[in-house]
Peer 1: 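This is the structure I have questions about; it appears just below.
Position 1 is the first residue of the sequence, and the numbers go up from there. Atoms considered below: every heavy atom in the structure, side chains included; atoms not considered: hydrogens, waters and symmetry mates. We count ligands from 1, going down the list as the structure has it; atoms in each ligand are counted the same way.
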Amino acid sequence: MTTDLMETTMETPAPTLAGEETQILAPLYPLPRLELASGRGAWAWDAGGRKYLDFTCGIAVNALGHAPRGLSRVVANQMGRLGHTSNLFAHRPGIELARALVRATGYDKVFFCNSGGEGLDAAMKFARARAGAKGLAGRDIVAFQGGFHGRTGFAVSATYTPSYREPFEPLVPGIRFGVFNDVAGLDALIDAHVCAVLVEPVQGEGGVVPARPEFLRALRERTEALGSALIIDEVQTGMGRTGTLLAAQQYAVRGEMTVMSKALGSGFPIAAVLLTDDTAATLKPGMHGCTFGGGAPACAAALWTIERIDRPAFLARVRRRAATLEKGLAKLAEKHASVSEARGLGLLRAIELAPGFEPPRLVALAREHGLLLVRGGDRAVRVLPPLVVSPAEIAQGLERLDAALTALEAEKGSAS
Ligand code: PLP
């Protein structure tokens, strides 16, 4: 921005983009949206200069908060040295990031792409190729009710919400849905026709529903017994969100593949499919690829991010902050008749609203009280502060949520 422009902006409030975006953008999001102009840490400012506590975190992307110090320099330096190369060439940030991921997670190999959906598409393709290479009979994939894996072809086919899938049918065939957390049903669900099982350790978009430990362990045992692959979707839960680098580490479960994205690049689009050697050995050059995947600037951003998050002291602090938030949300659930449950793992949390109270209305009221929240599932509202949130910011967030819930209940009281 030139100095002239900055001066003009200071004198005259910037016109809002809301009107423009309804005219020019495809109507896929509820437009018009709040226009954000800047951010720092847990805080964001709208185009009119109003300040919000941002507990959406770019839908669990901005783990280190808005505009973390040092990131722009790392990315600019990399862009200044070597930007896009495509997958035709190797570069140091890509290899260093792959090494850091392998070291941190115990997997052996990495495939890079750009988004969570792309990562899940790749993982499911790899699972079918693996089944072929290993001579397994089945090609079916099991996913779960309430699960969300993205909007790309394969990922949306494995996503449960019918309204996300049905307009685009026919989808990728051979995907069946089981009941999440139902251990008793697993033997019947996962038979010899199944080459892979896809699961989130905590269903995030589905309303923040943690897997029961015995469920994940049973999935591991059942897939192992049949030789099929366990694919763990850590797009939302990964990168420290639940208090460990991967949520599955808390369950002591490892898959044949894990997909990470969202917070990996601190806002730079990147995803990583982590694979065991045994699974990687079933893939061949040319089978799959991605022009932008694992580009040097995105890898530099992700390397910088993982170096900050994958530290024992950092993760221990996330767990302490999570305990504070958990207690605060439990108190709000006790106090407010509008909240039927508070739940989650680490700093991936949600409150479920009681019948008669509408999540979009709570999101709107919270915004009026200076708190940004995002829905999850049909009945829940997610609370996703950045991992660097301070105790004072958690206290402020809880106060604002308390006020928004009081307003929500008052509206219902005055309507009845
Ligand atoms: N998997 C999970 C668990 C997610 O939460 C999401 C996005 O919310 C995705 C996959 C899809 O990621 P993306 O939107 O980057 O394609």
Peer 1: How long is the gap from CZ on F112 to CG on L264, to the nearest 0.5 Å?
Peer 2: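 F112 CZ to L264 CG: 7.5 Å, rounded to 0.5 Å.
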Peer 1: With sequence neighbours excluded, what pairs up with D140 under the salt bridge (Lys or Arg N to Asp or Glu O under 4.0 Å) test?
Peer 2: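 By the salt bridge (Lys or Arg N to Asp or Glu O under 4.0 Å) rule, D140 matches R176.
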Peer 1: Going by ring pair (Phe, Tyr, Trp, His ring centres under 6.0 Å), name the pairs with one or both residues in residues 288-343, residues two or more places apart or in two chains.
Peer 2: H84-F292, F111-H288, F126-H288
Peer 1: Sort and list the pairs that fulfil side-chain hydrogen bond (donor to acceptor under 3.5 Å, both in side chains) and have at least one residue in residues 57-77, not counting sequence neighbours.
Peer 2: D54-H66
Peer 1: Before we go on, tell me: are the rings of Y164 and F148 under 6.0 Å apart, centre to centre?
Peer 2: yes
Peer 1: Heavy-atom cut-off of under 4.0 Å around ligand 1: list whichever protein residues fall inside it, by chain and number.
Peer 2: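 Protein residues near ligand 1 are S115, G116, G117, F148, H149, G150, E200, E205, D233, V235, Q236, K262.
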Peer 1: Give me the one residue out of L329, V389, I394, L398 that meets side-chain contact (heavy atoms from CB on, under 4.5 Å) with T324.
Peer 2: I394
